[in-house]
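The structure presented is a predicted model; accordingly, all values stated were derived computationally and were not measured. Numbers restart at 1 for each chain; the letters A, B, ... are given by sequence-line order, proteins then strands.
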Amino acid sequence: MNGTHAAAELQKLAHCLAVEPAELGMLADVASGDLRALRKQIDNALFEADKHLFARIASLSKVVPVAVAAKMTEFALPPLLAARSAELIEPAKAGEMVKRLSVDYLADVSARLDASRAPEVIAKIPPETVGTVARVLARRQEWVVIGGFVAVVTPDALRASVAQFTGEQLLHIGFVLEDSSRMDEVTDLLTEAQVQEMLAAAYDRGMWAELDEVLSYLGPPQAKRIAALFARTPDAARAAADAALADGRFGAASYAKLTGSG
Amino acid sequence: MTESDRRLRDLLGAELPEGISALSDADRDALTAVILDARARQARGLQEALSAALKHVPLPLRGIVRKVLIG
């Protein structure tokens, strides 16, 4: 394995292929950038392979009223089919359909949706609905899915979603965040309690790799905020960070940010 | 370019990332098999879903839905 970025990318690739990460052992030494490029290629190939079928489903929304299409969708369409077809539906119509679907079904569909392929559809979903679905997805531990959505949701929807997560859940999500450039924006939305929970998850449950990934993308202002809160944690937390640094579970750059010594 | 390289490139319809080209033929063939398996599972799932969907469409709409889905 060549680092936490690559480990996170392997998780995302496994999700894309619907296999366990262990089945991708042949990629253990491939750099994260190449894994990311490979994932995009595979996702595209899987979509293109059956695009004609997805297009047929999507075209249903043109021949029946939205209310009927929504009812039919939830009643008859498995989430995978609905997710892939959603990428081909006119965004305004998809937005209207979403308002008529149950939260559980939306969560099922979201779990199969490649958010990067349907940003216009996702933008039409009300922020409060995104937040509610995010809570359901977190309960189901769909970290890769949530990490993909973070890259494309509106700032209001991001705010509504982040408010739903515990600190430990945020570490899981941060580890596989699709768009690391939003890490500062996400961190800015965190309450003090959520940050404390993140830190506690690292030193109580050994989630140093996840904290390492999150910290590696933080700019100075947010890193300083985290360091200030870490300074108020028990001495045992500092000792745990030292031990994680010493045995390689926590990177030196992230340690410097966490302890304010960088 | 090896046969293994060509097979995966054709499957993905794109030039392979450097790190994938650098894999051994055996590893690249194993990756190709995983992708083909995922594609087959997706195709099976879709055919089953289309058949199931038609069974659940309300009777007055079944004709038009069948026409759109199956042609």
Side-chain angles (χ1 to χ4, degrees), chain A residues 2 6 9 13-14 16-20 23-65 68-69 71-82 84-85 112, chain B residues 1-2 4-71:
Chain A
N2 59 22
E9 276 303 330
L13 183 55
C16 168
L17 288 162
V19 298
E20 291 299 320
E23 291 182 53
L24 301 176
M26 78 292 278
L27 302 173
D29 295 323
V30 177
S32 62
D34 285 342
L35 290 175
R36 186 183 175 89
L38 175 68
R39 174 165 55 90
K40 297 288 177 192
Q41 291 176 343
I42 291 173
D43 185 70
N44 198 48
L46 289 175
F47 182 70
E48 290 295 328
D50 293 302
K51 190 176 179 180
H52 61 293
L53 293 177
F54 302 133
R56 286 186 175 199
I57 296 289
S59 65
L60 273 180
S61 67
K62 292 179 186 162
V63 297
V64 297
V68 176
K71 198 171 178 182
M72 249 174 49
T73 297
E74 180 150 0
F75 198 51
L77 288 190
L80 172 64
L81 195 49
R84 289 300 203 184
S85 305
R112 308 308 298 266
Chain B
M1 179 182 294
T2 67
S4 162
D5 247 326
R6 203 181 333 272
R7 231 183 349 257
L8 183 53
R9 193 189 61 174
D10 289 349
L11 178 60
L12 297 178
E15 290 301 322
L16 302 181
E18 201 175 305
I20 304 303
S21 288
L23 291 175
S24 69
D25 280 356
D27 281 346
R28 204 166 28 250
D29 286 345
L31 173 62
T32 301
V34 172
I35 298 169
L36 283 172
D37 189 49
R39 203 167 95 168
R41 272 186 281 115
Q42 174 176 279
R44 269 199 310 275
L46 284 175
Q47 288 301 342
E48 287 166 10
L50 285 175
S51 305
L54 273 176
K55 286 180 195 161
H56 290 91
V57 173
L59 203 54
L61 290 170
R62 203 168 290 173
I64 190 164
V65 171
R66 183 189 301 275
K67 193 172 173 188
V68 171
L69 292 183
I70 297 177

### Task
Take A:L38 and B:L16, measure what side chain to side chain contact (heavy atoms under 4.5 Å, CB included) needs, and give me the verdict at the end.
CA-CA 7 Å; A:L38 175 68; B:L16 302 181; 5.6 Å; no
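The side-chain heavy atoms of B:R28 and A:M26, taken from C-beta on, include no pair separated by under 4.5 Å. In this structure, B:L46 and A:R84 have side chains that are not in contact, with every pair of non-hydrogen atoms separated by 4.5 Å or more. In this structure, the side chains of A:V64 and B:V68 stay at 4.5 Å or more apart for every pair of heavy atoms. No side-chain heavy atom of B:D37 sits under 4.5 Å from any side-chain heavy atom of A:L17.
For the set A:L24, A:L77, A:I42, the entry with the most heavy-atom pairs within less than 4.5 Å of chain B is A:I42. No other option in B:D27, B:L11, B:I35 has as many heavy-atom pairs under 4.5 Å with chain A as B:D27.
Residue-environment remark: CD (B:E18) stays at or below the threshold of 12 foreign heavy atoms within 6.0 Å. The number of heavy atoms from other shown groups lying within 6.0 Å of CZ (B:R66) does not exceed 12. Counting heavy atoms of neighbouring residues, nucleotides and ligands inside a 6.0 Å radius, atom NZ of A:K40 exceeds 12 of them.
Scanning both residues, A:D34 and B:G19, for their nearest heavy atoms gives OD2-N, 2.7 Å. Of all non-hydrogen atoms in A:Q41 and B:E15, the two that sit nearest each other are NE2-O, 2.8 Å.
For a residue to count as touching a neighbouring chain, one of its non-hydrogen atoms must lie under 4.5 Å from one of that chain's; by this rule A:V19 touches chain B with the side chain only. Interface remark: B:R41 contributes side-chain atoms only to the contact with chain A (heavy atom separation under 4.5 Å). In this structure, chain B has a heavy atom under 4.5 Å from the side chain of A:L53, while its backbone stays farther away. Heavy-atom distances place the side chain of A:A49, and not its backbone, under 4.5 Å from chain B. Using a 4.5 Å cut-off between heavy atoms, B:L12 touches chain A through backbone and side chain atoms alike.
The backbone N or O of A:L46 sits less than 3.5 Å from a side-chain atom of B:Q42, completing a donor-acceptor pair.
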